Amino acid sequence: MPKNSKVVKRELDDEVIESVKDLLSNEDSSDDAFKKSELMVDDQEEKDTDVEEGSDVEDERPAWNSKLQYILAQVGFSVGLGNVWRFPYLCQKNGGGAYLLPYLILLLIIGIPLFFLELAVGQRIRRGSIGVWNYISPKLGGIGFASCVVCFFVALYYNVIIGWSLFYFSQSFQHPLPWDQCPLVKNASHTFVEPECEKSSATTYYWYREALNISSSLSESGGLNWKMTICLLAAWVMVCLAMIKGIQSSGKIMYFSSLFPYVVLLCFLIRGLLLSGSVDGIRHMFTPKLEIMLEPKVWREAATQVFFALGLGFGGVIAFSSYNKRDNNCHFDAVLVSFINFFTSVLATLVVFAVLGFKANIINEKCVIQNSEKILKLLKMGNLSLDMIPHHINFSSITAEDYNLVYDIIQKVKEEEFDSLGLKSCQIEDELNKAVQGTGLAFIAFTEAMTHFPASPFWSVMFFLMLVNLGLGSMFGTIEGIITPIVDTFKVRKEILTVICCLVAFFIGLIFVQRSGNYFVTMFDDYSATLPLLIVVILENIAVTRIYGIDKFMEDLKDMLGFSPSQYYYYMWKYVSPFVLLCLLIASVVQMGLSPPGYNAWIEDRAIEEFHSYPTWGMIVCISLMVLAILPVPIVFMVRRCNLIDDSSGSLASVSYKRGRIIKEPVNLEGDNTSLIHGKSSSEVPSPNFGKNIYRKQTGSPTLDTAPNGRYGIGYLMADMPDMPESDL
């Protein structure tokens, strides 16, 4: 080549490099990933290496420090308070050990396949829920926004429960425990037991009056409960500090928050098995009632529990998996986490019923003693004949078996006047059949049982610290389901967004720490998540199998995992799971329509719970929660379908990914490829031979209104490459 030609070529190359630098300097300064990427133009004669093929550089997305940290994060998110206080209740209510069979079947049909699907799309596209569904189809981008809204609603009241646990935890460092006995009230003449406590129980009184100071109805707010307000603030501060650096900060906390509950559960199980009556509780728990298992209600409740136990639809699963490497074996992760979740539920059930069996045994002993004294009085008064009492019975040390023998004899002999005697049947099974769930289990039944433990303050501290950790693990995933998609989409600083999110949630959450706050928690728990999440997951399934294409998705999995997943998943995703989810949605709507909307209010004068229907404004709030949660789906669909947002200004940009390298491209680019060079028209720009060493939009690439994210800036266009196919849309 002549010397002057080389000089001209060097000048042209220098001009190209300078223009590229200008392009880079004008990019969004908040895009950390872009700032750390490079756009290089190499002399084809000096370096013939293909950057696309030769570079294994990943984009600057945060990553898990280890596989163990990631698994613990997913386990911490999926294993929550529901495993401890919801699953045991459902197991007892729906046939005992027989309930495990429909639960396992539904875990295999909808649980593992849908959990695997969310892990796979998050890991493949490496974005939060908004970016994932925008990539698959921009018109379905509302799915990600709906997930964020549901996460926000759930986080509002879920952290209140952590606040309650913190309150009980703080009150556990005293002996005897403050809920051990009813308080005494003194007046001028004498001292007496608090009437509200005497009519109920010490633990029930402490929960409703001392902890919540609850009002008598939803409409009676009663002002803020300052104790719970402080606890709620502490809970949000903990969440904010743990999440402020993303997985870099929360990932390290997972080692404690995810593992500590298992230590506590095992300790409780060992301690519970050493208590009298614990075996009765476990036997009662796992005695199968096969006739109940055939009822449709059992399968509906099992499907609902599977669905929510794994955190499907929240976006937390997708967010956590998006920080994985693309070749991670997410199929193994899906199966492992699902079965860890199941066995955790079984372990918690063993613990709960071992402790409840002990509690039932104590209550049964008191029942035997009280009724034995009644029999002695009846014998002295002559209402009963001593001849009907077996000779071996000693009322001073009577056992439950002997008492029930005497009870049966008296019932047969005094059949007509038996009811007037006022005797009760003291059966452990009767006490165990009293189904308790949720806050009633954690803050009333379990706390009452722990008052009978030796060293009860220690066990109380351990139990409520376990609840705090279970709640925090789920909160991390829930908040990640909000933060990650927004950070990925709008490129805001994670630290600032986390602080703002927690502050806003705390101030909105003040409605839950009023004296009527417990009723709002019930309202949000019943209406803010169930139906919206079912709709979200159904749309997720349709988006992957019908719009993106199930065959294409299976090919992606083969490329990502290094092996072809079982055809079992093909048929589950395409046919079985959508059908089961649709049936579950219909059943949930029917159940919601048949069940009168309302809540259980605590009536102070009578010390009982009483069902109240929601007032008109309460019904409006319930409906609004469901509508607001699912509203982003039709809104985004209509906005993109009708092109209601004009981005002709070019202020938004589409993003292309090539092996982790990122370039942000001005929208509405036209003409020759060299128009990428900022500030030059295609006629002004020299055209050196770039070869393959510059990442640029190719002529004939998809138009912006069909590319994921191009128009509205809330998704990601993946560059066309063998291991990252574009959406067919």
Side-chain angles (χ1 to χ4, degrees), residues 72-89 91 158-174 177-179 203 206-207 211 231 234-235 238-239 242 250 252-275 278 281 309 311 340-356 358-359 436-478:
L72 289 177
Q74 290 286 15
V75 168
F77 176 51
S78 66
V79 175
L81 297 172
N83 297 75
V84 174
W85 67 31
R86 177 71 177 166
F87 186 89
Y89 161 77
C91 202
Y158 204 87
N159 223 23
V160 175
I161 301 174
I162 297 177
W164 294 341
S165 302
L166 285 172
F167 174 76
Y168 269 79
F169 172 74
S170 67
Q171 299 299 306
S172 298
F173 294 91
Q174 48 188 308
L177 291 169
W179 50 83
T203 51
Y206 191 86
W207 165 243
C231 291
M238 291 168 63
V239 171
S250 65
K252 296 178 176 62
I253 300 173
M254 291 295 178
Y255 288 108
F256 179 76
S257 64
S258 297
L259 293 176
F260 180 74
Y262 291 96
V263 175
V264 176
L265 285 174
L266 288 173
C267 291
F268 263 98
L269 180 61
I270 295 170
R271 185 68 189 92
L273 292 175
L274 297 176
L275 298 171
S278 60
I340 288 176
N341 187 293
F342 171 69
F343 288 118
T344 304
S345 298
V346 174
L347 174 62
T349 301
L350 285 170
V351 171
V352 166
F353 277 89
V355 174
L356 292 183
F358 165 68
K359 172 176 171 280
V436 183
Q437 66 163 325
T439 54
L441 174 64
F443 299 108
I444 298 177
F446 220 86
T447 51
E448 182 178 347
M450 286 188 295
T451 58
H452 301 290
F453 280 24
S456 55
F458 168 77
W459 293 104
S460 183
V461 167
M462 294 286 282
F463 177 71
F464 289 110
L465 186 58
M466 178 190 73
L467 291 187
V468 169
N469 278 276
L470 284 172
L472 285 176
S474 296
M475 275 298 296
F476 294 157
T478 304

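The structure displayed is predicted, hence computed values, not measured ones.
- Partner of F446 under the ring pair (Phe, Tyr, Trp, His ring centres under 6.0 Å) criterion, out of F268, Y168, W207: F268 alone.
- Looking at V239 and N159, their side chains come closer than 4.5 Å, going by heavy atoms from C-beta outward.
- Rounded to the nearest 0.5 angstrom, F256 CZ and L472 CG are separated by 10.0 Å.
- Applying the side-chain contact (heavy atoms from CB on, under 4.5 Å) rule to L72 yields the partners L68, M254, Y255, S258, L259; only residues at least two apart in sequence or on another chain are considered.
- Rounded to the nearest 0.5 Å, atoms CD1 (I340) and OG (S345) are 12.0 Å apart.
- For the pair I444 and Y206, the minimum side-chain heavy-atom distance is 4.5 Å or more.
- Rounding to the nearest 0.5 angstrom, the gap separating the CZ atom in F463 from the OG1 atom in T447 is 8.0 Å.
- A pairwise comparison of heavy atoms in Y158 and G471 identifies CE2-O, 3.5 Å as the closest pair.
- Judged by distance alone, the side chains of T344 and Y262 do bring a donor and an acceptor atom under 3.5 Å apart.
- Within the 4.5 Å cutoff, the side chain of P454 has heavy atoms near those of the R271 side chain.
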If you apply the rule ring-ring contact (aromatic ring centres under 6.0 Å, His included), what do you find for F453 with F358, and how did you get there?
CA-CA 10 Å; F453 280 24; F358 165 68; 5.7 Å; yes
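- Inter-residue side-chain proximity for S278 and F353 is flagged as unmet; no heavy-atom pair is nearer than 4.5 Å.
- The side chain to side chain donor-acceptor pair (under 3.5 Å) contacts involving residues 459-473 comprise S172-S460, where partners must be two or more places apart or lie in separate chains.
- Considering I270, L269, L275 in turn, L269 is the only one that fulfils the side chain to side chain contact (heavy atoms under 4.5 Å, CB included) rule with L273.
- At least one side-chain heavy atom of L347 sits under 4.5 Å from a side-chain heavy atom of L266.
- With sequence neighbours excluded, the residues forming a side-chain hydrogen bond (donor to acceptor under 3.5 Å, both in side chains) with S78 are N341, listed by chain and number.
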Given the rule in the side-chain contact (heavy atoms from CB on, under 4.5 Å) test, do M238 and V468 qualify, once you have shown the distances and angles that lead to the verdict?
CA-CA 11 Å; M238 291 168 63; V468 169; 4.1 Å; yes
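- When all heavy atoms of F87 and V346 are compared, the pair lying nearest together is CE2-N, 4.3 Å.
- If you take CG on L177 and OG on S456, they are separated by 4.0 Å, rounding to the nearest 0.5 Å.
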Verdict with reasoning, M462 to F260, per side-chain contact (heavy atoms from CB on, under 4.5 Å)
CA-CA 10 Å; M462 294 286 282; F260 180 74; 4.3 Å; yes
After noting the C-alpha distance and the side-chain angles of W164 and F443, does the key distance pass the side-chain contact (heavy atoms from CB on, under 4.5 Å) rule?
CA-CA 9 Å; W164 294 341; F443 299 108; 3.8 Å; yes
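- Looking only at side-chain heavy atoms (C-beta outward), E448 and W179 stay at 4.5 Å or farther from each other.
- Once rounded to the nearest 0.5 Å, the distance linking CG of L350 with CG of L265 reads 10.0 Å.
- Taken from OG1 in T203 to NZ in K359, the straight-line distance is 7.5 Å, to the nearest 0.5 Å.
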